[in-house]
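Down below is the structure, laid out as structure tokens.
We name chains A, B, ... by the order of the sequence lines, and we start the count at 1 in each one.
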Amino acid sequence: MMQRIIFSSLLFVSTTAFAADGILQKDCAACHNLTGPAAQTLKEAWAKKGPGLFYAGNKYRQEWLVSWLQKPQRIRPAGMYYGDHIKPGPKGDEIDTSTLKDHVVLTKADAATVAAELMKLKPHDDLIAKEKIEPGAISKDEGEKVFDKFWGCMACHLIEPGYGGFSGPELYTAAQRLQPEFMASFIRNPQAWEPKTWMPNKEVSNGNLQKMVHYFEVLSKETANAQ
Amino acid sequence: MLNKLLFAALLACSLQAQAKESAADNYKTYCVQCHGMEGNGKGINIRDMSVNPRDHTDAKAMSGRSDETLFKAIKEGGSAISKSVLMPPWEGALSDEEIKDLVQHLRILCTCKFGT
């Protein structure tokens, strides 16, 4: 009897892992890099159709992955590489929305399975271990003053649904979807994660990195309250 | 020993050469988001900016900036030349050689030289 239970459990575990791998390979691998390394040339970076997921376990919040995969909403207003999705317009460059594709929608069960599998991908524990985010608070006004006016984050990122730039991912749900240490690490040195990213390294100090993560938490709470 | 050193130096040179991107590709990746597909300062990010990005096709304005100033602005950001912080430092993404090439690319876009 015991042997049967063990055998069934093993079978279940291996079937689940197999199913997850099946979905990852069938539905994800065409657009997402699941194995690494990150793009090493601009042409490789331009060819990306979605963010690399090979360090998903270092980057995302699992509960957000499960939820988002069932109801995906655009995070990068101008697509993965903005250069493929812009056109000249009367007032300047515009996003060519006809070129943007929606993300596939997963069932609740598949989303949970895929998210669990993605969270195992952690090749950058070393970078994450260098960050420690202490709890703290910052007012939205102070955050906006320091980070949007002084650091210029809003030049490339939307900080609320109708305000900011378009070439980077929106920031108003960043703290819902990303781990705090990942946010700090990526801002500290974007090229350590993605050598060819068009996010600059602005040499943000440790103190300001803490404040910045707290600011993203404020933005995300506000977004969640508005929904 | 000397052979080993020579080999290492050659390897380093070839890796560096391999990693170097063209100025046109770097411009398309890092600059177009704000300075626009045509370099006219009208990229997709400008809608809510407090200061508009430089129009790289403006020969009059661009001829007022020396190559050294342009190099410094790209490498260290707008604040390094007392201009907007919205122009970030690209030192972490581009080598000095790539920045030099970008300065020359800007001279092609403006069809101008410093002081002309």
Heavy-atom closest pair, residues A/P200 and B/P89: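 Result for this residue pair: CB-O, 3.6 Å.
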Pairs of heavy atoms under 4.5 Å with chain B: top-ranked of A/A45, A/G152, A/G164: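 The candidate making the most pairs under 4.5 Å is A/G164.
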Interface residue of largest heavy-atom contact number with chain B, from A/C153, A/G89, A/P77, A/G162, under 4.5 Å: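 Heavy-atom pair counts peak at A/G162.
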Toward chain B, the part of A/M154 with a non-hydrogen atom under 4.5 Å: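 It is the side chain, since no backbone atom gets that close.
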Chain B contact via A/A155 - side chain, backbone, both or neither, heavy atoms under 4.5 Å: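 Answer is both: backbone and side chain atoms of A/A155 are under 4.5 Å from chain B.
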Donor-acceptor table for chain B and chain A, threshold 3.5 Å:
residue: B/E21; atom: OE2; partner: A/L42; partner atom: N; Å: 2.8
residue: B/E21; atom: OE2; partner: A/K196; partner atom: NZ; Å: 3.3
residue: B/D25; atom: OD2; partner: A/K43; partner atom: NZ; Å: 2.7
residue: B/K28; atom: O; partner: A/Y81; partner atom: OH; Å: 3.4
residue: B/K28; atom: O; partner: A/Y82; partner atom: OH; Å: 3.0
residue: B/T29; atom: O; partner: A/Y82; partner atom: OH; Å: 2.6
residue: B/T29; atom: OG1; partner: A/W46; partner atom: NE1; Å: 3.0
residue: B/Q33; atom: N; partner: A/Y82; partner atom: OH; Å: 3.1
residue: B/Q33; atom: OE1; partner: A/S167; partner atom: OG; Å: 2.6
residue: B/Q33; atom: NE2; partner: A/W198; partner atom: O; Å: 3.3
residue: B/M37; atom: N; partner: A/D93; partner atom: OD2; Å: 2.7
residue: B/K42; atom: O; partner: A/D93; partner atom: N; Å: 2.8
residue: B/N45; atom: OD1; partner: A/F166; partner atom: N; Å: 2.6
residue: B/N45; atom: OD1; partner: A/S167; partner atom: N; Å: 3.0
residue: B/N45; atom: ND2; partner: A/S167; partner atom: OG; Å: 2.8
residue: B/R47; atom: NH2; partner: A/G162; partner atom: O; Å: 2.7
residue: B/D48; atom: OD2; partner: A/G164; partner atom: N; Å: 2.8
residue: B/V85; atom: O; partner: A/K202; partner atom: NZ; Å: 3.2

